[in-house]
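First the structure, in the form of structure tokens, and then the observations on it.
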Amino acid sequence: MLRLHDGKLIKDRRYHLRTYPNCFVAKELTDWLIDHKEAPDRETGIRLMQKLMDHYIIHHVCDEHSDYKDAKLLYRFRKDDGTFPLSKDVKVFMRGQSLYEKLVSMEESILKVREENSVKYQRTFLGCEMIDWLIQEGEAENRKEAVELGRALLEHGIIQHVSNRHHFFDSDIVYQFWINFRRRCRLTELLNENSSRTLSESPDSPFCLRKLNSDPGNTSFLSVQTNKEIKIVSAVRRSSITSLAGNSNPYFSTTPTLVFPPVAECNPKSVLKRPVTNEELLSPGAPYIKKTLTIVGDAVGWGFVVRGGRPCHIQAVDPGGPAAAAGMKVCQFVFSVNGIYVLHLDYQTISSLIMTGPRTLVMEVMEAVE
């Protein structure tokens, strides 16, 4: 997706006097897939994009087409308009990816090649070392919370005991990252799946998640303000990590899968009633007040979505998440992140700052005066 942005394939486009932000032309994207060897022919390219539509990763900008048409029609990645269904599975996956990237980027990382029972394992760490690191980096406040995070990662198949015999404990047991997040996956892997699973089961595939128990409780993820245009994006209720007490099954008794929730109604439009410029926000006497929010992330993240650019705004807030508890609301503009001025940045850059930063997030936001 980043390559599509860099290649200017995804950009704001005008059609019938209306501007559609961050979208692509289906026919152009099919051409791109073939040119970049992601698909051998147009038929395969169309099948690939239809698979992404089936998994709620892309959609038609007006949701007028449920299938992918190789024509001059506009489609958009749901991550680019805040309508991607952020289930608990996806949030844990994103947290695991953030931790992995942070670890492999360090000069003296705790991730090492280790040998156990004459077998060498890649990307390994000791449970107690991971606990120490999570606390040191501000990813957890205490050892109990760090263990809960480790167990969530293990239950979702992001990490595992090297011989798959233990859950996650604060001890010198050897674990490894089961997913290699830096492995580049080809889109054609999506077409090699069995009908009984939704995405690739390759141990190195970032599409692969596993979990022991599902949480049937649901809540709502509000993507717009309270008015007649409200649409709801499905989200899983935040709760403490499911206990394994009394579970006699093996830790991974089922096939690893990433299962997306059912189709959810969503509002692909910006929550802003009209565009706002940085000059308008910062002009003397402007009807905006600055607020400082301190958000302590939980095991699955912070609970909000940033969209737009120069300035970016809050597109969605999980009503049961840490951000909502700290006072975050939709339509606020992001002024700074952990002391870094960000009014001039796009949402991808701000999201990266947040994901690679500490667990405790300090944000300054500009809020319209009622």
Side-chain angles (χ1 to χ4, degrees), residues 88-140 142-186 189 193 197-213 241-244 247 249-259 297 299-301 355-356 359:
K88 183 177 178 180
D89 290 352
V90 175
K91 290 177 182 178
V92 173
F93 175 82
M94 292 173 66
R95 186 74 184 279
Q97 183 178 26
S98 172
L99 294 175
Y100 181 82
E101 290 294 338
K102 203 170 181 180
L103 282 164
V104 298
S105 299
M106 297 176 64
E107 290 186 2
E108 296 183 6
S109 175
I110 62 173
L111 297 185
K112 300 176 182 177
V113 177
R114 289 182 171 86
E115 186 174 316
E116 186 166 293
N117 297 327
S118 301
V119 179
K120 287 187 177 180
Y121 296 94
Q122 304 289 327
R123 307 183 295 275
T124 69
F125 57 88
L126 303 181
C128 55
E129 287 182 347
M130 177 61 81
I131 299 295
D132 293 338
W133 182 83
L134 289 171
I135 296 174
Q136 177 184 330
E137 294 296 317
E139 298 287 349
N142 50 56
R143 303 191 80 81
K144 179 182 177 182
E145 192 171 290
V147 169
E148 284 191 354
L149 174 55
R151 290 194 162 218
L153 296 175
L154 188 143
E155 289 171 8
H156 286 74
I158 296 170
I159 65 172
Q160 68 173 16
H161 175 245
V162 289
S163 56
N164 209 18
R165 295 179 180 175
H166 299 285
H167 208 308
F168 185 78
F169 294 104
D170 184 2
S171 67
D172 59 358
I173 296 175
V174 180
Y175 300 90
Q176 70 174 157
F177 271 87
W178 195 73
I179 298 175
N180 179 5
F181 288 98
R182 291 200 166 182
R183 172 183 175 269
R184 182 179 176 272
C185 298
R186 302 199 69 83
E189 292 181 23
E193 61 190 27
R197 64 194 187 208
T198 55
L199 290 175
S200 172
E201 290 181 9
S202 164
D204 281 342
S205 173
F207 290 118
C208 182
L209 290 183
R210 296 181 294 182
K211 59 183 294 187
L212 287 171
N213 299 301
I241 305 304
T242 305
S243 171
L244 294 178
N247 189 344
N249 294 330
Y251 287 112
F252 299 113
S253 58
T254 58
T255 303
T257 58
L258 169 57
V259 181
V300 291
M355 292 296 290
T356 58
R359 179 174 173 273

Closest heavy-atom contact between M94 and M355? O-CE, 3.5 Å
Show the nearest heavy-atom pair for residues V92 and A152, with the distance to one decimal. CG1-O, 3.9 Å
Is the closest side-chain heavy-atom distance between E139 and R95 below 4.5 Å? yes
Considering only heavy atoms from C-beta outward, does the side chain of H167 approach that of E155 to under 4.5 Å? yes
Do L103 and M130 come within less than 4.5 Å of each other through their side chains, counting heavy atoms only? yes
Taking the side chain from Q176 and the backbone from Q122, do they hold a donor-acceptor pair closer than 3.5 Å? yes
State whether the side chain of N117 and the backbone N or O of V119 hold a donor-acceptor pair below 3.5 Å, judged by distance alone. no
What is the ring orientation for F168 with F125, classed by angle as parallel under 30°, tilted 30 to 60°, or perpendicular over 60°? tilted
Under a 3.5 Å distance rule, please check whether S109 uses its side chain to pair with a backbone N or O of V104 as donor and acceptor. no
So do V174 and L126 actually touch side chain to side chain, heavy atoms under 4.5 Å? yes
Can a salt bridge be assigned to the pair K112 and E129 using a cut-off of 4.0 Å between side-chain N and carboxylate O? no
Between L99 and W133, is any pair of side-chain heavy atoms under 4.5 Å apart? yes
Considering only heavy atoms from C-beta outward, does the side chain of R143 approach that of D132 to under 4.5 Å? yes
If only atom types and distance count, is the side chain of Y175 paired as donor or acceptor with the main-chain N or O of F169 below 3.5 Å? yes
Answer whether the closest heavy-atom distance between the side chains of Y100 and I158 falls below 4.5 Å. no
